[in-house]
Amino acid sequence: MCGIVGYIGEEQAAPFLLSGLEKLEYRGYDSAGLCLNDNGELVVKKAKGKLKELKTLTDDGKNLHGTIGIGHTRWATHGEPSDVNAHPHLSTSGRFAVVHNGIIENYLILKEKLTEKGMVFQSNTDTEVIAQLFEYYYQGSLMDTVIKVLSKLDGSYALGVLSRDNPDEIIAVRKESPLIIGLGNGENYIASDIPAILSKTRTIYRLENDEIAVIRRDGVQIYNLDKEPVHKEPEHIEWDVDAAEKGGYEHFMFKEIMEQPKALRDTLHPHIQDGRVVLDEIHLTAEQIRSFRKINILACGSAYHVGVVAKYVFEKVLRIPVEADLASEFRYRDPIVDDKTLTIVISQSGETADTKEAMKEAKRRGSHVIAIVNVLGSAIAKEAHDVIYTLAGPEIAVATTKAYSTQLAVIYLMAIYFGDLLGKISDTEYKCYLRELQMIPDKIQQILDNSEQMQYLASQLFHAGDVFFIGRNIDYALSLEGSLKLKEISYIHSEAYAAGELKHGTISLIENGTLVIALATHEELIGKIVSNIQEVQARGAYVLCLTTEKHQELKSVAQSTVFIPQTCDMMLPSLAVVPLQLFAYYVAALKGCDIDKPRNLAKSVTVE
Ligand code: F6R
């Protein structure tokens with residue numbers, strides 16, 4: 001949701017800023033811009049479209065001069081994607097330049113007031129009011145101005161600010177939107193995320209809410225809103241640089257699909273010791289766990305789809321009622337949650353605004369919160385009572401794959417762990433579940449080794465206009481993810497439907513040649529889904545059926561059949577999702593779509 005990068009040092013800033021933005025493009029890519037202090041003037045270049053437009057405009061940064069600068073890649077919230085709405089934004093006199101990630105909720109009131117005072121606005125963005133506020137309140141002290149401006153802003157922000165009168169400083173502040181500071185030798189950096197600065201340094205500070213960083217060539221000072229220095233320990237980033245590179249693959253998404261066996265092994269490994277599930281991150285006594293009357297799962301998008309799978313899994317294994325809730329809905333519906341409710345939040349980025357706020361709401365109501373998060377030290381990870389990290393590594397493609405799979409793996413670990421603690425599973429079941437879980441990475445590898453089948457099917461079906469994903473029980477939960485994956489990257493309209501629900505309305509949309517992807521892995525309901533397949537075929541549908549190896553008979557039912565290895569029923573989504581990811585990927589590739597950066601999307605959604 002917008003990427004910020006900044007540099008101050010002895011080198012020309014523009015090439016580094018562009019390479020940093022390249023690493024952040026996943027956060028937004030409808031326009032980009034740079035501002036450099038060139039001999040006392042703040043010079044801005046910005047361009048609508050992907051970063052390559054800005055690169056062309058600036059001749060790869062060669063025609064922008066200066067050793068201090070800020071850059072931005074945008075995901076539009078206020079004002080359409082355009083040159084003028086692109087960041088950085090300058091104040092009326094050109095004295096201040098601002099890049100912003102987040103939303104200023106009271107910007108209209110501020111804009112009106114500033115317009116009355118004679119400020120001239122160029123863009124339709126909320127961000128421009130910040131630049132104008134700096135100009136309006138500046139009386140010689142940059143720090144006082146920052147504090148004054150922040151006191152006027154409602155909403156969320158990470159900001160990078162350049163001041164013409166302070167040519168040797170970048171100001172960085174944040175509230176709710178992430179921002180890190182990279183520490184170099186004679187040069188320092190700011191960025192929305194680690195990959196942007198990884199080529200330069202592995203030593204960072206994570207800025208916290210309401211902290212103000214003054215970044216100079218020879219050091220970084222951090223203050224609170226009372227202008228008192230804040231002491232921070234620098235953090236060392238262990239990441240492998242290659243993890244944030246494509247490594248020979250054409251797209252990050254394909255690389256990340258292929259990385260799933262490793263991501264799963266990495267996630268499972270620390271939590272399985274001597275044949276037992278170990279979840280030391282959960283700080284709850286057995287008695288507390290027994291006291292829960294309900295589990296609430298809060299998440300957005302694909303992470304929510306993991307929550308829907310978890311509902312089926314937990315209810316079956318633990319016999320506790322589970323609600324999987326869209327975080328954006330939960331927040332505003334006066335939810336029935338108390339200290340007898342266990343809340344589980346799921347988020348790859350750990351920064352999703354809706355999920356974060358829903359989590360706070362659950363906490364306010366007395367619920368214990370366990371977060372399943374991929375990004376270390378992210379806001380959700382920090383604010384939850386307990387956090388279980390998925391060790392998927394950096395996920396760059398906008399469409400999630402390996403994070404989804406590792407989140408599912410954690411759900412299975414939790415089901416086994418709680419099932420045992422609550423006495424809901426026998427010793428034999430415990431051993432069986434754990435054995436099956438440990439075999440999932442190898443079975444995924446088996447599916448990946450056969451990816452040509454999905455490539456072939458994609459080549460036969462990529463012209464589809466509308467696609468229906470149908471399934472029952474846990475296959476319905478999976479169909480939600482299959483459908484989202486396909487539509488978000490290939491732009492083919494698709495819907496996920498509980499197979500039994502189709503005949504209550506939607507079946508009227510089925511006509512000759514409509515593609516229906518039927519998920520038929522749930523053993524108990526194979527007969528039922530076969531009936532649903534026949535119902536849609538009778539109306540002309542072309543059915544691609546995904547089932548387990550043992551159901552070879554389905555070959556004669558559907559027009560095309562894909563088989564996945566067998567495992568226990570509740571873990572089948574871990575396997576079945578992989579052909580669906582591959583199908584979406586190959587269809588999007590055949591349609592020539594921008595797979596890693598689908599239109600209108602961004603990786604980390606830090607606005608409501
Ligand atoms: C879809 C996708 C999104 C995210 C959603 C939540 O492929 O990636 O639907 O799952 O935006 O994001 P996180 O998990 O970062 O909270």
Side-chain angles (χ1 to χ4, degrees), residues 1-2 26-28 75 101 176-178 192-193 251-254 256-257 260 263 297-310 324-331 344-360 369 371-384 387-390 392-408 410-411 469 477-491 494 496 577-578 580-585 588 593-608:
M1 201 90 326
C2 298
Y26 72 87
R27 300 178 67 87
W75 185 84
N101 168 27
E176 304 301 344
S177 299
S192 298
D193 198 1
H251 298 103
F252 277 111
M253 184 179 176
F254 195 67
E256 289 161 6
I257 290 173
Q260 289 180 107
I297 305 179
L298 308 176
C300 303
S302 294
Y304 164 74
H305 298 159
V306 172
V308 183
V309 174
D325 245 313
L326 291 165
S328 53
E329 286 297 310
F330 175 88
R331 289 175 66 179
I344 300 174
V345 297
I346 309 175
S347 176
Q348 187 284 130
S349 62
E351 299 290 346
T352 301
D354 286 321
T355 310
K356 192 167 63 180
E357 293 308 316
M359 172 182 76
K360 287 185 190 164
V369 176
I372 303 173
V373 172
N374 195 42
V375 175
L376 220 69
S378 52
I380 292 175
K382 278 190 189 150
E383 284 185 39
V387 53
I388 304 175
Y389 282 109
T390 49
E395 194 179 60
I396 310 288
V398 165
T400 182
T401 51
K402 61 177 180 171
Y404 174 94
S405 290
T406 50
Q407 288 160 356
L408 267 188
V410 173
I411 292 297
F469 286 76
L478 176 67
S479 73
L480 296 169
E481 179 60 6
S483 169
L484 177 61
K485 217 73 312 167
L486 181 69
K487 68 185 140 199
E488 69 179 329
I489 61 167
S490 75
Y491 315 143
S494 89
V577 75
V578 179
L580 301 181
Q581 294 167 343
L582 287 167
F583 184 71
Y585 173 81
C593 298
D594 191 347
I595 294 180
D596 286 336
K597 297 180 203 123
R599 69 184 176 212
N600 305 338
L601 290 174
K603 182 76 179 159
S604 140
V605 187
T606 54
V607 294
E608 256 194 74

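For the single chain, residues carry numbers from 1 onward in sequence order. For ligands, and for the atoms within them, numbers begin at 1 and follow the listed sequence.
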Problem set entry | Presence of salt bridge, Arg599 and Asp594, under 4.0 angstrom | no
For this session: With sequence neighbours left out, write down each residue that passes side-chain hydrogen bond (donor to acceptor under 3.5 Å, both in side chains) with Gln260, or none if nothing qualifies.
Result: Ser405, Gln581
Seminar exercise, completed: Between Lys487 and Ser494 the two heavy atoms that sit nearest each other are NZ-O, 2.9 Å
For this session: May I ask you to say whether Glu176 pairs ionically with Lys382, meaning some side-chain N is under 4.0 Å from a carboxylate O?
Result: no
Exercise. In order of chain and number, which residues sit within 4.0 Å of ligand 1 by heavy atom?
Worked result: Cys300, Gly301, Ser302, Ala303, Ser347, Gln348, Ser349, Thr352, Val398, Ala399, Thr400, Leu484, Lys485, Glu488
For this session: For Tyr585, enumerate each residue passing the side-chain hydrogen bond (donor to acceptor under 3.5 Å, both in side chains) test, keeping only those at least two apart in sequence or located in another chain.
Result: His251
Exercise. Under the side-chain hydrogen bond (donor to acceptor under 3.5 Å, both in side chains) test, which residues partner Asn600, sequence neighbours left out?
Worked result: none
